[in-house]
Amino acid sequence: QVQFVESGGGLVQPGGSLRLSCAASGSIFRIYKMGWYRQTPGNQRELVADVTGGGITTYADSVKGRFTISRDNAKNTVYLQMNSLNAADTAVYYCNSAPPLRNGWGQGTQVTVSS
């Protein structure tokens, strides 16, 4: 059973950058299209970006040009490089397949953008 563990969040000032990492357990990571999602309390999870097994990426309009998703299949890891962060990016960030596995949600990693 595949599981995902997020890391790399924290407190950052507006305009700053963070890189999130998602480590996958299991033996079939390479076949999944992977996504980064974010959520604030009371809201639906939003798909921020996804990347196919072959490296083709898609971004939500809200992050296009600022965020970059990538993956290293040999390391079973997906990354989200976040630049030019603003307060609207504050959320808990999760990784999962795209579309998500119901049992694939981890604890997420908190990103807080504040001055």
Side-chain angles (χ1 to χ4, degrees):
Q1 183 177 359
V2 66
Q3 294 182 332
F4 308 109
V5 180
E6 303 90 346
S7 63
L11 176 65
V12 64
Q13 293 184 343
S17 297
L18 285 172
R19 190 177 79 153
L20 307 183
S21 297
C22 171
S25 62
S27 61
I28 57 171
F29 171 79
R30 198 176 190 273
I31 73 171
Y32 288 106
K33 181 192 286 186
M34 291 295 301
W36 280 99
Y37 303 76
R38 65 187 182 188
Q39 186 176 26
T40 55
N43 296 317
Q44 296 282 331
R45 290 185 182 94
E46 172 192 18
L47 179 63
V48 173
D50 60 46
V51 56
T52 70
I56 300 171
T57 60
T58 304
Y59 299 94
D61 288 341
S62 59
V63 307
K64 201 171 298 180
R66 300 189 297 120
F67 290 11
T68 302
I69 188 171
S70 61
R71 68 193 296 162
D72 187 335
N73 290 332
K75 296 181 178 179
N76 281 10
T77 304
V78 61
Y79 305 96
L80 186 68
Q81 177 67 48
M82 305 185 295
N83 300 324
S84 301
L85 287 162
N86 57 63
D89 298 315
T90 295
V92 178
Y93 285 72
Y94 301 87
C95 64
N96 205 334
S97 58
L101 297 170
R102 288 193 301 273
N103 62 348
W105 300 110
Q107 298 286 64
T109 186
Q110 176 72 49
V111 172
T112 302
V113 185
S114 177
S115 59

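On a predicted model such as this, the values are computed, not experimentally measured, just so you know. Heavy atoms only: backbone and side chains are in, while hydrogens, waters and symmetry mates are out.
Scanning both residues, Phe67 and Tyr59, for their nearest heavy atoms gives O-CE2, 3.2 Å. A pairwise comparison of heavy atoms in Thr109 and Ser7 identifies OG1-C, 4.0 Å as the closest pair. Minimum interatomic distance between Ala98 and Tyr37 (heavy atoms only, all atoms of both residues): CA-OH, 3.5 Å.
Side-chain atoms of Leu18 and Val111, non-hydrogen and from C-beta on, do get closer than 4.5 Å to each other. Inter-residue side-chain proximity for Arg71 and Asn73 is flagged as met; some heavy-atom pair is nearer than 4.5 Å. Arg45 has its side chain out of reach of Asn96: every pair of non-hydrogen atoms, C-beta onward, lies at least 4.5 Å apart. Inter-residue side-chain proximity for Ile69 and Val78 is flagged as met; some heavy-atom pair is nearer than 4.5 Å. At a threshold of 4.5 Å between non-hydrogen side-chain atoms, the residues Val113 and Pro14 count as touching. Met82 places a side-chain heavy atom less than 4.5 Å from the side chain of Tyr93. Residues Arg19 and Leu80 fail the side-chain proximity criterion, which asks for heavy atoms closer than 4.5 Å.
Relative to the six-membered ring of Tyr94, Arg38 misses at least one condition, a distance below 6.0 Å or an angle of at most 45° to the axis.
Although no hydrogens or angles enter the test, the distance criterion places no donor-acceptor pair under 3.5 Å between the side chain of Ser62 and the main chain of Ala60. When atom types are taken as modelled, the side chain of Glu6 and the backbone of Cys95 share a donor-acceptor pair closer than 3.5 angstrom.
Taking the ring centroids of Tyr79 and Trp36, they lie at or beyond the 6.0 Å cut-off.
Other residues, nucleotides and ligands contribute at most 12 non-hydrogen atoms within 6.0 Å of the CD atom of Gln107. Heavy-atom contacts from other residues, nucleotides or ligands closer than 6.0 Å to CD1 of Ile31 number more than 12.
There is a side-chain donor-acceptor pair under 3.5 Å between Ser17 and Asn83.
Atom CZ of residue Arg66 and atom CG of residue Leu85 lie 6.5 Å apart, to the nearest 0.5 angstrom.
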>> I'd like to know whether Thr52 forms a side-chain contact (heavy atoms from CB on, under 4.5 Å) with Tyr32, so could you lay out the CA-CA distance, the side-chain angles of the two residues, the decisive distance to 0.1 Å, and finally the verdict.
In response: CA-CA 7 Å; Thr52 70; Tyr32 288 106; over 6 Å; no
